[in-house]
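What follows is a short report on a single structure.
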Amino acid sequence: MVQVLLASLFLLVPQQTDTTTFRDAATAELYARARVRHIRQDALVRSYRATVRTRMDASAGRSRFARLTTLLAHESVADIVWHAPNDLKVSVRGARTRAPIVRLLQGFGRGVEGELESEFRGHLVMDRPWFIPRALGDSVRVMGLPEHAALHPLADEALEYYQFAITDSVQIVVPNRTVRAYRMRVEPKRYGPSLVAGDMWIDAESADVVRFSMVFLGDFVWDTPDDPTPDDSADARRESAEVNRYLSVEAMVEYALVDRLYWMPYRQFLAVTAEVPWFVNLAIPARAVTTFSDYEINESPQITFAVELEDSLSDARRSRSQVRLRAAGSSVEDDIDRDQQRQYGYYRAGVWRDGRWEVEVPPADSLGAFQWDTELDTSHDPDEERTLRETFAELSELTEELPPEWTGRRRFGLAWESAAQILRFNRVQGLSAGLGYQLRPGIKFTSILLSGRFGLSDLRPTGSVTWRRDGPVGRFDVKAYRTVREAEAWTQGQGIGNSLNALFVGHDDADYHLVSGASVSHLWNYGLLRNVELQLAYEWHDSLRVETGAAIADLWGDGDFQPNPPVAEGWFFRSVVRRDDRIGVVRVAPGAELLAGDGFTGIRGWASIEMPFTVAGRGGALQLRAGAARGDDLPQTRFRLGGPQTVRGYTYGTRTGREFWSAQLDVAVVRSRLLAPVVFFDIGDTFSSDPLIGVGGGVSLLNGLLRFNVAKGVRPTSDIRFDLLFRAPR
């Protein structure tokens, strides 16, 4: 029978290979063998038991290729039983959650963090099948995505939509075996309702698909028509195209050879990445990795389900489900409160292709009491992370080659490096407005960024032109510019927070100078140099003077700003190397700068460390900074003391010097995620006299997203200072 089927499949391939579908005859022959295995791959497995572990996390980074900071991590473990043709029973055993975002924002108390994590744990438990229990079949959907299941490249209609090419022959290590596999590139011939583009790794010996990585695309990835009418189809296409501008979906499915006979699911990966098209420096991926282990194959009895499905659910095309409490009778989902479900535990049941499924979720306290064998690490296993990174890079390369209208990428449009570039305020420009524009010339990972800004007080135009390649290896920029620069690496004078503080309170905590020139820079995305940026520039430096006062009178003074000190003017060669990274929740930011020109040479180095902590049930944060300069005493290379970044209670630039150090300690008086009173103590010195000492208190709102500070310098004494901090405080 198999030989007959194989022969018939070969008949589908003309003697002169269809080059619109297959690159060559070898590709066509391998595809035919893989198609046969795809049809019969379920024949050997009648039932199985296994354990599945799923880790989900939400992260953020400056691009999808850069190191990501984990904001939330969730892990669950479940026992599963599968029985042919396609019945599935899932018994969730445990779940746990960590929320580093709480610590990253402020870290004011593990009680707050633990409370949030407990809530997240209950809400994030998945109560519908979130994995593919066996073979993919003729359609592909992982964790409910895409909305319209994608056509599998080995399905009956695949030759109409896809083209194939063998691109490589590699050794792949899968659990219990190393296989020689061909990598077959799959690309759509034309756009369709829901398709994939990616790579299938096919075992050269058996023709089994052992790994399949893909990106989803098509008319109905995010929405499907409610009714089969032209208007509904057009609406669904329009909605899906709009969402596609912001979200992309990638997946990977891997199989393992169990008992040297059965190819079974081993690891399934899904990533949904959000990228705001108007900003070029932000990616927020949500990722889920499910792994299968402890297989028992063809030893499972028939499955006993706890929920008796209503007749209305007998049609497998329906997506409805039913719920009943573990401690009560059967009930329809809408009649059961979610809090009751979490308190007592529940069953959820439904139907799908060729069978039915049921998920059992225990009470919340049972989920939390599960005994884990390891701690929940907010970072992935290094080998797993490397596999995911390589998969991301390969799929991104492929996506860049596809037509932009298929992937939602814009060829041109408004784009800013940050929100603060749209509107900002400081004492040397006053209120200034900026415009950003991005062009994509059609070269992979490449864009041209144009920006312009005009200050309403200084009437000075500034702007830049940047050629950028932001790819898997790193971000490379070639830039020409005329812009306002801050004197120190850690001040935030160009940010929204400082703009609002300057407008409403009259405190501008940075010094500025005007630079005009050109630069090249590279920022590494991985390896030992990850998050290290190297910049070489040749530029003219000009001094700037204060052009305005606070728009609203200072609450504690007259609204006048401190002078902006002059700089050494002229042409300079500038070289900067710096790193901004996190080790767990600890942020480290070292750097060095060389400035040479007009007979002057100066060099300086600095480092800062920010560490959240919990002591005696109270949360807080410690920030340390230090720096030193050598060579000629250039104003551009001097360090400033005073202000929110070093010693609160003093005006920024109260002291300057060629060396400095500072320490800031914040402690929460009351643990609360919404409103937390905070006290702080600061000390710092430029080695010119006795250290500056400042003390004060404040109120942290929304775990540090907004903060009000009142500070006073105590040695030497200073006036009381009030600050509004519209940012994540230390």
Side-chain angles (χ1 to χ4, degrees), residues 420 424-432 455-458 460 484-515 541-569 625 627 629 633-658 660 662 664 682-686 688-689 691-696 709-727:
R424 69 168 61 124
F425 178 85
N426 58 47
R427 67 186 188 277
V428 298
Q429 290 180 291
L431 189 66
S432 64
L456 299 183
S457 295
D458 65 342
R460 179 185 293 113
V484 173
R485 178 180 297 155
E486 299 176 49
E488 296 182 298
W490 50 80
T491 55
Q492 300 174 1
Q494 311 275 37
I496 291 177
N498 188 74
S499 296
L500 294 175
N501 202 30
L503 270 170
F504 293 102
V505 187
H507 297 156
D508 188 354
D509 297 303
D511 285 342
Y512 309 92
H513 54 282
L514 183 68
V515 295
H541 289 197
D542 268 323
S543 299
L544 295 173
R545 66 176 186 269
V546 175
E547 299 285 356
T548 187
I552 299 176
D554 187 353
L555 298 178
W556 308 95
D558 55 13
D560 291 335
F561 290 114
Q562 75 273 26
N564 187 68
V567 298
E569 299 183 349
R625 283 199 169 96
D633 188 7
L634 297 171
Q636 293 96 312
T637 62
R638 295 179 68 85
F639 298 101
R640 281 79 167 164
L641 209 61
Q645 302 294 329
T646 53
V647 184
R648 287 163 285 193
Y650 298 94
T651 300
Y652 176 81
T654 294
R655 289 184 185 173
T656 64
R658 307 193 68 198
F660 95 104
S662 68
Q664 296 182 302
D682 297 347
I683 185 171
D685 192 12
T686 58
S688 58
S689 60
L692 297 180
I693 297 177
V695 297
N709 275 355
V710 176
K712 180 175 176 55
V714 297
R715 194 179 73 175
T717 186
S718 69
D719 294 335
I720 293 177
R721 172 180 166 125
F722 177 69
D723 283 294
L724 302 175
L725 304 180
F726 294 84
R727 58 184 171 82

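All heavy atoms count here, side chains included; hydrogens, waters and symmetry mates do not.
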Judged by modelled atom types alone, do N426 and D508 share a side-chain donor-acceptor pair under 3.5 Å? no

Name all pairs fulfilling the salt bridge (Lys or Arg N to Asp or Glu O under 4.0 Å) condition that reach into residues 490-500, sequence neighbours left out, sorted by first residue then second. none

Measure from the side-chain N and O atoms of Q664 to the backbone N and O of T646, and report whether any donor-acceptor pair falls under 3.5 Å. yes

Heavy-atom donor-acceptor pair, Y650 side chain to I693 backbone, under 3.5 Å: yes

Between D542 and L514, is there a donor-acceptor pair closer than 3.5 Å when you use the side chain of the first and the backbone of the second? no

Roughly how far, to the nearest 0.5 Å, is OG1 of T491 from CG of D509? 9.0 Å

Say you draw a straight line from CG of D682 to CG of L692; how long is it, rounded to the nearest 0.5 Å? 10.0 Å

My understanding is that only residues two or more places apart in sequence, or in another chain, count here; which of them pass salt bridge (charged side-chain N to carboxylate O under 4.0 Å, His left out) with D511? R427, R640

Quick one: does R648's side chain have a donor or acceptor within less than 3.5 Å of a partner on D723's backbone? no

Taking P566's backbone N and O only, do any of them form a donor-acceptor pair with S543's side chain (distance below 3.5 Å, no angle check)? no

With L431 via side chain to side chain contact (heavy atoms under 4.5 Å, CB included) - residues at least two apart: L423, F425, L456

How long is the gap from CD on Q492 to CD on Q645, to the nearest 0.5 Å? 5.0 Å

Nearest 0.5 angstrom please: D633 CG to R658 CZ, how far? 4.5 Å

Please check: side-chain N/O of N564 versus main-chain N/O of Y512, any donor-acceptor pairing under 3.5 Å? yes

Which residues pass the salt bridge (charged side-chain N to carboxylate O under 4.0 Å, His left out) test with E486, sequence neighbours left out? none

Does E488 use its side chain to pair, donor to acceptor, with the backbone of F639 at less than 3.5 Å? no

Is the backbone of L724 close enough, under 3.5 Å, to the side chain of H507 for a donor and an acceptor to pair up by distance? no

Under 3.5 Å: donor-acceptor pair, side chain of K712, backbone of G694: no

Side chain to side chain contact (heavy atoms under 4.5 Å, CB included) against V695, all qualifying residues, sequence neighbours excluded: F681, V714

Could you give the distance from CG (L725) to CG (N498), rounded to the nearest 0.5 Å? 10.0 Å

Is it true that D458 and R545 have a side-chain N and a carboxylate O under 4.0 angstrom from each other? no

Ignoring hydrogens and angles, tell me if any N or O in the side chain of Q494 forms a donor-acceptor pair with the backbone of V484 under 3.5 Å. yes

Pairing donors with acceptors under 3.5 angstrom, does anything connect the side chains of Q636 and H513? no

List the residues meeting salt bridge (charged side-chain N to carboxylate O under 4.0 Å, His left out) with R715, not counting sequence neighbours, and say none if there are none. none

Got a second to check how far T656's OG1 is from R638's CZ, nearest 0.5 Å? 4.0 Å

